[in-house]
Amino acid sequence: MSEFSEWFHNILEEAEIIDTRYPIKGMHVWQPQGFKIRKYALSLLKEILDEDHEEVLFPMLIPEDELAKEAIHVKGFEEEVYWVTHGGLTPLNKKLALRPTSETAMYPMFALWVRSHTDLPMKFYQVVNTFRYETKHTRPLIRVREITTFKEAHTIHADSEGASQQVERAIEIYSSFFDQLGIPYVVTKRPEWDKFPGADYTMAFDTLLPDGKTLQIGTVHNLGQTFARTFDITYETAEGEHEYVYQTCYGLSDRVIASIIGIHGDSSGLNLPPAVAPYQIVIVPVLFKKTAQEVLDFCNQLKDKIKKAGLRVHLDDRDIRAGKKYYGWEMRGVPLRLEIGPRDIENKKMVVVRRDTLEKEIIDYNEETLINDLNNILGNITQNLKTKAWENFQDNIRPAETLEEAKNIITDEQGIVSFLWCGDESCGKEIEEYVNVDILGVKEEATEGKCIKCGKDARNVALLAKTY
Ligand SMILES: Nc1ncnc2c1ncn2[C@@H]1O[C@H](COS(=O)(=O)NC(=O)[C@@H](N)CS)[C@@H](O)[C@H]1O
Ligand SMILES: [Mg+2]
Ligand SMILES: [Zn+2]
């Protein structure tokens with residue numbers, strides 16, 4: 001959809017997800033519908049993290065000298081940091097940064113918290129707003145200046161194996177989270193020149209939006225001992241020695257909500273996985289003069305029964321045309337609509353309309369199996385949304401044997417191109433130059449074949465794409 005950007009902005013407004021009229025560029029207001037989707041998505045994520053992470057909350061402001069301690073890190077962020085310079089009318093003697101991410105807020109405290117090897121590993125996360133003065137084109141939920149839903153995890157380990165195992169664990173956590181949302185992704189190791197400032201290496205999750213551009217929806221960084229040395233985070237070993245710790249951090253943001261909306265959405269509007277839908281079921285009674293009260297009574301009982309079963313259900317008994325109701329709930333992406341008229345009650349039938357396929361189906365209304373039947377359909381919708389998204393994603397990963405081919409794929413189809421690469425930075429830069437898009441990173445080792453650019457033995461299978 002070349003007009004994806006217009007579709008995206010329209011649906012954010014029409015479905016009342018966020019209000020972009022707030023008078024600061026790149027900072028927006030979560031409206032009730034959007035806030036609920038965000039809340040349900042976060043509860044899925046927290047359920048996974050709370051297995052073996054502790055949730056914490058650090059101050060938003062970071063003293064200038066702490067931020068500056070890690071030279072590479074601060075270099076990477078110096079153009080993006082917002083500063084607080086005054087307390088009221090009084091100039092502060094020390095500028096305070098609004099956290100762009102929280103390494104330099106947390107790690108001075110980690111130096112105080114970590115004492116012995118028995119304290120390790122430590123795994124923390126927080127869900128906070130962070131601030132980045134993005135100079136590239138800002139876009140709601142995709143590239144914002146206040147990242148309102150920044151989940152950042154920070155872990156501390158006694159040795160490098162611990163850290164590298166945690167990187168793998170974080171990749172599992174993100175995969176499971178995105179799988180529950182039906183968001184497809186590819187994981188690559190970012191090139192040296194595009195890793196997180198201060199990290200040894202960065203693993204990134206990229207998905208694909210309908211306009212053929214990839215979106216980085218999560219990153220996992222192995223920080224090695226770099227920050228430990230800078231912030232003097234050491235622990236006493238069993239032998240009484242002092243060792244620097246090894247660390248990882250991994251983050252995701254509002255981009256997850258952008259992906260749910262952009263990937264599952266269609267020309268009728270939002271198309272929400274039941275797990276994050278503010279309403280999972282909407283009941284629309286078919287009202288005629290004579291039988292209206294009987295139908296309403298039946299629908300109210302039905303709503304109570306569904307609600308008691310823990311599903312988020314709404315009875316739309318407004319006195320407006322049914323068609324207007326259907327349009328509105330489809331636009332808001334409600335996964336399942338039940339249409340109940342006097343004859344359905346008589347025949348013990350129920351009309352169900354799935355949002356994912358927009359198909360109408362008449363099913364038996366069976367008191368005993370009703371909740372089970374509804375949950376089965378909702379489960380089916382979840383699975384169908386995920387399958388369709390993955391099929392479309394995989395259809396848009398194309399191999400290129402030559403640079404020319406790579407360039408043509410990007411020009412004609414966009415999407416993701418896979419190619420053989422020697423892994424040399426200079427060669428990689430020339431490839432980006434020629435195809436005029438970014439190398440996402442390395443997907444896997446290559447066992448044979450020649451580099452697409454220089455003809456040397458290929459070391460890995462790499463991906464490139466036009467990115468947000
Ligand atoms: N301006 C932005 N708007 C929305 N999301 C963003 C923005 N900048 C980064 N993100 C998201 O935030 C994730 C984590 O950001 S990051 O810089 O890669 N990594 C960190 O900040 C590390 N401290 C891990 S928590 C990115 O993968 C990306 O999905
Ligand atoms: Mg950035
Ligand atoms: Zn090469």
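Both counts, for ligands and for their atoms, begin at 1 and track the order of listing. The shown structure was predicted, so the numbers you read here are calculated from the model rather than taken from an experiment.
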> Going by the order shown, which atoms of ligand 1 are within less than 4.0 Å of some heavy atom of G218?
Replying inline: 27 (O), 29 (O)
> What atoms in ligand 1 come closer than 4.0 Å to a heavy atom of E134?
Replying inline: 1 (N), 2 (C), 8 (N)
>> With ring-ring contact (aromatic ring centres under 6.0 Å, His included) as the criterion, how do Y107 and F110 come out once you've worked through the C-alpha distance, each side chain's angles and the decisive distance to 0.1 Å?
In response: CA-CA 5 Å; Y107 298 175; F110 287 2; 5.3 Å; yes
> In this structure, which one of T149, I147, T148 forms a side-chain contact (heavy atoms from CB on, under 4.5 Å) with S253?
Replying inline: I147
> Are the side chain of D438 and the backbone of L440 linked by a donor-acceptor contact shorter than 3.5 Å?
Replying inline: no
>> Counting only nitrogen or oxygen atoms and a 3.5 angstrom limit, does Y250 reach ligand 1?
In response: no
> What protein heavy atom sits nearest atom 9 (C) of ligand 1, and how far away is it?
Replying inline: R132 NH1, 3.7 Å
> How close does the nearest protein non-hydrogen atom get to atom 23 (N) of ligand 1, and which residue and atom is it?
Replying inline: E103 OE2, 2.5 Å
>> Salt bridge or not between R115 and E236? Use side-chain N to carboxylate O under 4.0 Å.
In response: no
>> Is it the case that the ring center of W30 lies less than 6.0 angstrom away from the ring center of Y22?
In response: no
>> Using ring centroids (six-membered ring only for Trp), state whether Y235 and W113 fall under 6.0 Å.
In response: no
> Does an N or O anywhere in L141 fall below 3.5 Å from an N or O of ligand 1?
Replying inline: no
Distance-only donor-acceptor hits, side chain of residues 271-282, under 3.5 Å, sequence neighbours excluded:
residue: N271; atom: ND2; partner: H264; partner atom: O; Å: 3.1
residue: Q280; atom: OE1; partner: R312; partner atom: N; Å: 2.8
residue: Q280; atom: NE2; partner: P274; partner atom: O; Å: 3.1

> Short question: side chain of N396, backbone of N392 - any donor-acceptor pair under 3.5 Å?
Replying inline: yes
> What residue and heavy atom of the protein are closest to atom 19 (N) of ligand 1, and at what distance?
Replying inline: H221 NE2, 3.0 Å
>> With ring-ring contact (aromatic ring centres under 6.0 Å, His included) as the test, pick out the partner of Y185 among W390, Y174, F177.
In response: W390
> Under 3.5 Å, side chain of Q126 to main-chain N/O of F58, donor-acceptor pair present?
Replying inline: yes
>> Only heavy atoms of C249, strictly under 4.0 Å: list the atoms of ligand 1 that pass.
In response: 22 (C), 23 (N), 24 (C)
> Below 4.0 angstrom, N of the basic side chain to O of the carboxylate: do R190 and D206 qualify?
Replying inline: yes
> Can you list the ligand 1 atoms lying under 4.0 Å from a non-hydrogen atom of R143?
Replying inline: 3 (N)
>> Check this for me - ligand 1, E152, N or O atoms closer than 3.5 angstrom, yes or no?
In response: no
>> I'd like to know if R145 pairs up with E134 as an ion pair, taking the criterion as any Lys NZ or Arg NE/NH1/NH2 lying under 4.0 Å from an Asp or Glu carboxylate oxygen.
In response: no
>> With a cutoff of 4.0 Å, is F205 in contact with ligand 1, counting heavy atoms of the residue only?
In response: no
> Can you tell me if K123 uses its side chain to pair, donor with acceptor, with the backbone of E54 under 3.5 Å?
Replying inline: no
>> Counting non-hydrogen protein atoms only, what is the nearest one to atom 3 (N) of ligand 1? Give residue, atom name and distance.
In response: V144 N, 3.2 Å
> Taking NZ, NE, NH1 and NH2 as the nitrogens, is one of them in R355 or D266 under 4.0 Å from a carboxylate oxygen of the other?
Replying inline: yes
>> Among all the protein's non-hydrogen atoms, which is closest to atom 5 (N) of ligand 1, and how far away is it?
In response: S253 OG, 2.8 Å
>> Can you see whether Y326 has R337 sitting over its ring - NZ or CZ less than 6.0 Å from the centre and within 45° of the normal?
In response: yes
> Can you list the ligand 1 atoms lying under 4.0 Å from a non-hydrogen atom of I142?
Replying inline: 3 (N), 4 (C)
> Identify the closest protein heavy atom to atom 7 (C) of ligand 1: which residue and atom is it, and at what distance?
Replying inline: I147 CD1, 3.5 Å
> What residue and heavy atom of the protein are closest to atom 29 (O) of ligand 1, and at what distance?
Replying inline: Q216 O, 2.8 Å
>> Could you check whether F227 and H73 have their ring centres less than 6.0 Å apart?
In response: yes
> Does the N or O separation between T101 and ligand 1 drop below 3.5 Å for any pair?
Replying inline: yes
> At under 4.0 Å between heavy atoms, which part of I217 makes contact with ligand 1: side chain, backbone, both or neither?
Replying inline: backbone
>> Would T219 count as a polar contact of ligand 1, with the cut-off being nitrogen or oxygen pairs under 3.5 Å?
In response: yes
>> To check your reading of the model: name the closest protein heavy atom to atom 20 (C) of ligand 1, its residue, and the distance in Å.
In response: F196 CE1, 3.4 Å
> What protein atoms of element N, O or S are positioned under 2.8 Å from the Zn ion (ligand 3)?
Replying inline: C422 SG, C427 SG, C451 SG, C454 SG
